[in-house]
There are 2 protein chains.
Amino acid sequence: MADVAERAGVSASTVSRTLRGYASVSAEVRERVERAARELNFAISRQAASLVTGKTGVVAVLVPILKSWFVGSALEGLGLVLRAAGLELVVYYVPDMVERADFFERLPARRNADALLVFSFDLTEEESARLDDLQMPVIYVSQHAEGRPSVYVDDVAGGRGGTRHLLNLGHRRIAFLRAIGVSGFTFSSNERLTGYRQALTDAGVPLDDELVVGAVLGEDRTVVQAVGQLLSLRHPPTAIFVEQDELAVAVLWTLRKSGFDVPERLSVLGFDDHDIARWVGLSTIAQSPTEIGRAAGELARALIETPDADRERHIVLPTHLIPRATTAPLTPPPPAPESGQETPPAGPGAWAD
Amino acid sequence: MADVAERAGVSASTVSRTLRGYASVSAEVRERVERAARELNFAISRQAASLVTGKTGVVAVLVPILKSWFVGSALEGLGLVLRAAGLELVVYYVPDMVERADFFERLPARRNADALLVFSFDLTEEESARLDDLQMPVIYVSQHAEGRPSVYVDDVAGGRGGTRHLLNLGHRRIAFLRAIGVSGFTFSSNERLTGYRQALTDAGVPLDDELVVGAVLGEDRTVVQAVGQLLSLRHPPTAIFVEQDELAVAVLWTLRKSGFDVPERLSVLGFDDHDIARWVGLSTIAQSPTEIGRAAGELARALIETPDADRERHIVLPTHLIPRATTAPLTPPPPAPESGQETPPAGPGAWAD
DNA sequence: CTGAAAGCGCTAACAG
DNA sequence: CTGTTAGCGCTTTCAG
């Protein structure tokens with residue numbers, strides 16, 4: 001910076017003022033300084049600046065996973081807002097419990113960021129408490145944190161809306177397929193199930209626990225098994241509401257492989273509006289992780305400027321139905337359903353319990 | 001830090017030495033200092049430290065997209081290495097040309113990171129040159145950059161290996177489906193195609209440009225059209241090598257929807273070993289983005305320590321075939337192929353040109 | 001509107 | 001093995 005000052009024939013203070021965009025710099029001087037800075041390829045050192053301002057110009061995020069559509073999209077939304085605000089994004093990738101314990105032990109974000117966004121973790125109260133004395137705004141993303149700022153989607157409404165859609169199509173036996181073991185997402189999962197139950201109850205359709213099954217994303221066998229379980233019920237469902245698009249695609253795949261036409265024989269509804277949903281024509285409840293990221297970023301910006309305001313602000317984002325090709329009105333049952341054998345279950349593993 | 005020093009009854013220097021893990025601190029003092037630090041919840045300010053050490057403790061990455069399996073996985077691999085090395089990860093998300101111009105204009109990473117990893121961009125020589133005078137190691141990830149350190153997968157070998165697999169199964173009419181318009185990935189794309197051509201040539205199978213088609217990921221219509229084009233050739237292919245798993249899945253979907261059995265009628269081979277490949281049983285050429293990220297992180301670490309070594313080091317990672325359920329030996333042509341009508345093309349748009 | 005001076009929190013010689 | 005001292009590169013009063 002001294003170099004720039006010299007080249008422009010001014011003092012360092014003036015260079016600083018110019019580069020920070022203060023109005024109190026004469027046009028002529030500003031011009032000279034800016035040229036000098038450009039010619040010398042000068043960029044302010046955040047480190048030095050933050051030492052005196054007390055602001056780091058950094059927003060940190062804590063994420064359990066990065067290769068996920070949800071987290072990736074949210075980070076994209078966040079990234080846009082942050083750059084517009086001149087903030088940098090540092091990522092703490094904390095995939096397992098060991099790393100996590102270490103993170104909460106050391107809290108590396110302390111003093112090295114102006115705000116922390118916690119993504120999709122199911123934090124213990126103890127961990128949250130630890131974050132509370134971090135001396136910076138902490139925002140909970142994709143989860144509702146009591147008494148703390150958070151940004152999330154109205155999963156209950158989404159679950160309800162999706163279920164209603166199926167009810168409106170005439171379905172009464174509606175299954176719900178949960179995604180098991182997606183660490184950090186149990187909050188959403190429970191909420192969606194709650195919405196499903198609410199909608200059924202509101203419609204006077206009795207809840208049936210046999211219709212709620214689970215599968216592990218990425219473990220084909222569990223999907224086949226879950227689907228098989230449903231198809232072999234005394235009163236099998238005519239529609240399946242799958243908690244997550246990626247899992248819904250696995251379900252579609254399983255059904256189609258065994259000759260079950262979707263949506264003719266069975267409607268399938270997903271949740272997320274993952275990119276893949278569009279490719280395979282999956283009807284789904286859309287949420288916008290990009291929007292979540294953006295909202296979280298804006299909340300962060302606000303809290304950095306006004307630390308005390310909005311301490312408990314919750315931003316709840318909407319979902320909406322995107323009907324595509326996998327949900328259809330309930331068709332009357334096939335002509336002669338006399339023989340119990342007429343609906344063979346789906347492929348290998350279908351009879352597994 | 002002064003507080004910690006006082007509480008432990010030592011000087012600030014000693015606190016610094018202790019916290020940085022220098023051996024020259026007596027066990028007893030170390031103990032006192034560590035306790036004091038913990039009690040006061042003290043964490044070193046990177047900003048202040050870097051001001052004097054000249055190291056920021058930060059590795060920056062420049063990415064064109066975040067919600068992609070590839071980039072996400074690579075960042076996970078990178079993240080692991082970085083944390084182990086005590087480095088932080090800052091992400092510059094630069095999705096479009098405007099942002100990109102701005103990035104190269106301002107080069108915000110200058111002085112604010114110890115190394116920069118450039119992910120999957122097709123940089124112009126001018127942009128690369130700009131990065132060259134960044135005063136820090138710049139590593140090109142997922143692309144070969146002449147004379148500059150880079151980490152990438154041997155896409156040519158992958159393309160060759162995949163094609164050989166299909167040749168070994170008896171296929172001779174092998175199509176290649178390119179992914180169009182995936183910004184930042186044309187390097188890999190070209191390499192894979194090159195490998196495909198090499199393998200065919202080596203095997204004495206004539207190249208046929210009609211067998212190389214393109215489609216846009218996420219635009220179903222283009223996939224249907226590309227597949228239709230292939231199926232309506234005078235000599236249609238018996239296998240399709242798709243440059244990317246996600247696109248391959250769209251192809252599978254299209255084929256299955258129109259009753260084309262895979263792999264009985266047509267083999268389909270992907271590239272990536274994307275998670276989704278496993279779910280749908282797609283045979284594919286595996287690469288490991290996590291490994292790429294890890295290797296890039298280690299190279300970054302090395303270059304930060306020894307800036308002049310390895311200036312041109314290239315790390316080339318292998319690929320390997322994962323045969324699953326979508327490739328099979330060429331079956332003899334169906335019994336009586338007399339009538340030209342016996343093989344209807346695939347669904348709507350199949351005849352489109 | 002601009003310059004001089006002080007100091008942000010830390011580390012790295014240099015003594016002891 | 002530990003303390004003292006002198007900055008690192010910036011921003012910010014405070015004068016002018």
Side-chain angles (χ1 to χ4, degrees), chain A residues 1-37 40-58 86 88 106-114 135-136 304, chain B residues 1-37 40-58 86 88 106-114 135-136 304:
Chain A
M1 177 177 257
D3 299 349
V4 177
E6 189 179 7
R7 190 180 190 103
V10 296
S11 72
S13 321
T14 301
V15 174
S16 174
R17 280 190 277 256
T18 307
L19 266 27
R20 317 197 86 226
Y22 289 7
S24 67
V25 177
S26 74
E28 190 249 346
V29 169
R30 145 155 284 126
E31 159 67 19
R32 280 214 315 273
V33 171
E34 272 166 357
R35 186 149 38 76
L40 293 174
N41 251 322
F42 175 80
I44 282 182
S45 156
R46 272 174 197 282
Q47 341 292 326
S50 73
L51 197 53
V52 25
T53 59
K55 299 259 169 236
T56 61
V58 164
E88 301 209 320
R106 301 190 306 108
L107 286 185
R110 172 189 303 278
R111 304 229 277 156
N112 295 304
D114 296 340
Q135 302 296 327
M136 67 171 92
I304 288 171
Chain B
M1 177 177 257
D3 299 351
V4 178
E6 187 179 9
R7 189 179 189 107
V10 296
S11 72
S13 321
T14 300
V15 174
S16 174
R17 279 190 279 256
T18 307
L19 267 27
R20 316 194 87 225
Y22 289 8
S24 67
V25 178
S26 74
E28 191 248 347
V29 169
R30 145 154 283 125
E31 158 67 20
R32 281 215 314 274
V33 171
E34 272 166 357
R35 185 150 36 77
L40 293 174
N41 251 321
F42 175 81
I44 282 182
S45 157
R46 273 173 195 282
Q47 341 291 327
S50 73
L51 197 53
V52 27
T53 59
K55 300 260 168 235
T56 61
V58 164
E88 301 210 320
R106 300 191 308 107
L107 286 185
R110 173 189 301 278
R111 305 229 275 154
N112 294 304
D114 296 339
Q135 301 296 327
M136 67 172 91
I304 288 172

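Labels below follow one simple rule: chain letters A, B, ... track the order of the sequence lines, proteins then strands, and each chain is numbered from 1.
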Participant: Nearest nucleotide by nearest heavy atom, which residue falls closer to the 5' end of DNA chain D, B:Val29 or B:Leu51?
Facilitator: B:Val29

Participant: Show your working on side-chain hydrogen bond (donor to acceptor under 3.5 Å, both in side chains) between A:Thr56 and A:Asn112 and close with a plain yes or no.
Facilitator: CA-CA 6 Å; A:Thr56 61; A:Asn112 295 304; over 6 Å; no

Participant: Could I get the full list of salt bridge (charged side-chain N to carboxylate O under 4.0 Å, His left out) partners for A:Glu6, not counting sequence neighbours?
Facilitator: none

Participant: Are side-chain heavy atoms of B:Arg20 and B:Val15 found at a separation under 4.5 Å?
Facilitator: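 No - every pair of side-chain heavy atoms lies 4.5 Å or more apart.
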
Participant: Please list, chain by chain and in numerical order, all residues satisfying salt bridge (charged side-chain N to carboxylate O under 4.0 Å, His left out) with A:Arg46, sequence neighbours excluded.
Facilitator: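 Checked A:Arg46 against salt bridge (charged side-chain N to carboxylate O under 4.0 Å, His left out); matches are A:Glu88.
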
Participant: Let me test you: for the helix from C:dC1-D:dG16 to C:dG16-D:dC1, what is the angle between the axes at its two ends (five pairs each), rounded to 10 degrees?
Facilitator: 30°

Participant: Measure the distance from CG on B:Leu40 to P on C:dG9 and round it to the nearest whole Å.
Facilitator: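 Computing the B:Leu40:CG to C:dG9:P distance gives 15 Å.
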
Participant: Could you run down the sub-3.5 Å N/O contacts of the protein with nucleotides 10-13 of chain C?
Facilitator:
residue, atom, partner, partner atom, Å
C:dC10, OP1, A:Arg111, NH2, 2.4
C:dC10, OP2, B:Met1, N, 3.1
C:dT11, OP1, B:Arg20, NE, 3.2
C:dT11, OP2, B:Ser16, OG, 2.4
C:dT11, O5', B:Ser16, OG, 3.4
C:dA12, OP2, B:Tyr22, OH, 3.2
C:dA12, N6, B:Ser13, OG, 3.1

Participant: Distance check needed: C:dG9 P versus A:Lys55 NZ, whole Å only.
Facilitator: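 That distance rounds to 14 Å.
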
Participant: Indicate yes or no for a side-chain donor-acceptor contact from B:Arg32 to the backbone of B:Ala8 under 3.5 Å, with no hydrogens or angles considered.
Facilitator: yes

Participant: With sequence neighbours left out, what residues match A:Arg30 under salt bridge (charged side-chain N to carboxylate O under 4.0 Å, His left out)?
Facilitator: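 A:Arg30: salt bridge (charged side-chain N to carboxylate O under 4.0 Å, His left out) contacts with A:Glu34.
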
Participant: Is there a donor-acceptor pair closer than 3.5 Å between any side-chain N or O of B:Thr53 and the backbone N or O of B:Ala49?
Facilitator: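 At least one qualifying donor-acceptor pair exists.
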
Participant: Measure the CZ-CZ distance between A:Arg110 and B:Phe42 for me, rounded to the nearest 0.5 Å.
Facilitator: 10.0 Å

Participant: I want to check something: taking the side chain as every heavy atom from C-beta on, are A:Met136 and A:Asp114 in contact at a cut-off of under 4.5 Å?
Facilitator: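 A side-chain contact under 4.5 Å is absent here.
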
Participant: Identify the 5'-most and 3'-most nucleotides of DNA chain D with at least one atom closer than 4.0 Å to a non-hydrogen atom of chain B.
Facilitator: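 On DNA chain D, the outermost contacted nucleotides are D:dC1 to D:dC10.
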
Participant: Rounded to the nearest 0.5 Å, how far apart are NZ of B:Lys55 and CD of A:Gln47?
Facilitator: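 Output value for this atom pair is 12.5 Å.
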
Participant: For a quick check of understanding: with a heavy-atom distance under 4.0 Å over all strands, which category does A:Ser24 fall into, base, sugar-phosphate or nothing?
Facilitator: base

